[in-house]
2 protein chains.
Amino acid sequence: MEGFAARYKILPSGRRQITAIHVPGDFVDLHSFLLKTMDHGVMALTACELALVPHATLLRITEEKPHLARLLWLGTLIDAAIHREWLTMMGRSSATAHMAHLICELFCRLQLVGLTDGWSFRCPLTQEELGDTLGLSTVHVNRVLKELRERKLVSWQNGIVTIANWQGLQDLGEFSELYLNLIREPR
Amino acid sequence: MEGFAARYKILPSGRRQITAIHVPGDFVDLHSFLLKTMDHGVMALTACELALVPHATLLRITEEKPHLARLLWLGTLIDAAIHREWLTMMGRSSATAHMAHLICELFCRLQLVGLTDGWSFRCPLTQEELGDTLGLSTVHVNRVLKELRERKLVSWQNGIVTIANWQGLQDLGEFSELYLNLIREPR
DNA sequence: CGGCTCTTTGACCCGACTCAACGCTCGTGG
DNA sequence: CCACGAGCGTTGAGTCGGGTCAAAGAGCCG
């Protein structure tokens, strides 16, 4: 898929939670392949270009190409690992640390697909969407971003995120890219 | 697996978050099969009896028994669906609603494996572990349980959970069992 | 120019946390 | 048989992070 997308859930009360953010190159909705009932929605955050894979094709892959099937499976396992990391930050860290962590994660994932430019990258999320991702109010998202800017860790303006102090940001967010299961050169 | 277990993460700061609770019958750690680095720990909540499956066997299953492999995959997808649901409750609901939701989920999962007794079931979590599951302090867990008891929705005493008002509990927790992907008779 | 979406800021409030103490139960050793 | 400590549950007082409400900029398009 080209472009950014998100998976989300909406509670009966109307509150929305974004449960995953997809960057260009991600296989977005493999989860719906085997699940009987789709438990969440998918939305585009930018204009997207996507490739569709019929379930019949996936089924055939599991029958005939076990190696490829394992790779697809791995993709969903990494999604789950990210869910666990988010759960941990959601439950056990402050709003500021959580935001720092999310920025670190996005940076790593985007760098892997070559979408970073030095310490900067484009990120199309509005503050409202960020709030729905982190479980915060829009107002508080704004204050957190202001704090990160004032602490000279990172700035997020006009859809461009620029990391000013990677080590500091990583420490604040208690971030370690291990859970992303990326294979690449050490930084 | 017989007995209760949990998967958890510990942050550098020392704070713990439980990311999954496993009930008897669950395939506990299929996630470690394909993931290069194990991103979390597993702990027993009670004495457990378990069956081990070597990775080589799993590998062979994916090569030779695609139908079975899809079932295993489905298991991990359901784990991910539960993670998304927890994420949503964590980010977008009150402590009381979150607790109600967790109790509803445990009830449904335990009923499926025949471990409920009417509206009661055994649940070995301490309040500290409950707090680490819900992202709350031990003290607040206690207050939330007290509130649920006083509202005559559910009681949790000496490791026995008894649901007094299923509909009320479900409404409060905005619970719908859909995400669990259970196949069974409607209640 | 007006209207829309998104961002920013201030004032006030409340849900959940921390600290601290006390109670209960059970297992262990003198 | 009782004393003691460990682990878990319960409760109160005070604090604070993040929410809500409200209003004002800032960029963008028609």
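In what follows, chains carry the letters A, B, and so on, assigned in the order in which the sequence lines appear, proteins first and then strands, with residues in each chain numbered from 1. Note that the structure is a prediction, hence the values are computed from the model and not measured.
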For this session: Scan residues 85-101 of chain B for pairs that pass salt bridge (Lys or Arg N to Asp or Glu O under 4.0 Å), counting only residues two or more places apart or in two chains.
Result: Lys9(A)-Glu85(B), Asp132(A)-Arg92(B)
Problem set entry | Contacts of type side-chain hydrogen bond (donor to acceptor under 3.5 Å, both in side chains), residue Thr162(B), not counting sequence neighbours | Ser120(B)
Exercise. Apart from Ile160(B) itself, which Ile, Leu, Val, Met, Phe, Trp or Tyr residues share its cluster (side-chain heavy atoms under 4.5 Å, direct or through members)?
Worked result: none
For this session: Select base, sugar-phosphate, or nothing to describe what Glu129(A) touches, counting heavy atoms under 4.0 Å on all strands.
Result: nothing
For this session: List, by chain and then residue number, the residues other than Val139(B) in its hydrophobic cluster (Ile/Leu/Val/Met/Phe/Trp/Tyr, side-chain heavy atoms under 4.5 Å); write none if there are no others.
Result: none
For this session: Applying ring pair (Phe, Tyr, Trp, His ring centres under 6.0 Å), name anything that partners His101(A), two or more places apart in sequence or on another chain.
Result: Phe175(A), Tyr179(A)
Problem set entry | Residue pairs, two or more places apart or on separate chains, that pass ring pair (Phe, Tyr, Trp, His ring centres under 6.0 Å) and touch residues 7-37 of chain A | Phe33(A)-His55(A), Phe33(A)-Trp73(B)
Problem set entry | For Glu63(B), all residues meeting salt bridge (charged side-chain N to carboxylate O under 4.0 Å, His left out), sequence neighbours excluded | Arg70(A)
For this session: Under 4.5 Å between side-chain heavy atoms, chaining through other members, with only Ile, Leu, Val, Met, Phe, Trp and Tyr counted: pull out the rest of the cluster around Met89(B), sorted by chain and number.
Result: Leu11(A)
Using atom types as modelled, flag every donor-acceptor pair under 3.5 Å from a side chain in residues 144-153 of chain B to any protein atom, sequence neighbours excluded.
{"residue": "Glu147(B)", "atom": "OE1", "partner": "Thr96(B)", "partner atom": "OG1", "Å": "3.1"}
{"residue": "Glu147(B)", "atom": "OE2", "partner": "Arg151(B)", "partner atom": "NH1", "Å": "2.8"}

For this session: Report yes if at least one side-chain N or O of Lys146(A) is closer than 4.0 Å to OP1 or OP2 of dT9(C); otherwise report no.
Result: yes
Exercise. Between Gln157(B) and dC8(D), is there a side-chain N or O to OP1/OP2 distance below 4.0 Å?
Worked result: no
Problem set entry | Inter-end axis angle, the helix from dC1(C)-dG30(D) to dG30(C)-dC1(D), with every axis fitted to five base pairs (rounded, 10 degrees) | 20°
For this session: With heavy atoms under 4.0 Å as the rule, sort Glu147(B) into base, sugar-phosphate or nothing.
Result: nothing
For this session: May I ask you to list the residues of residues 121-128 of chain B, by number, that have any heavy atom positioned under 4.0 Å from an atom of DNA chain D?
Result: Thr126(B), Gln127(B)
Problem set entry | Asn142(B) side chain near dG9(D) phosphate (N/O to OP1/OP2, under 4.0 Å) | no
Exercise. Going 5' to 3' along nucleotides 18-30 of chain D, which nucleotides have protein heavy atoms under 4.0 Å from the base (write B), which only from the sugar-phosphate (write S), and which from neither (write -)?
Worked result: BBBB---------
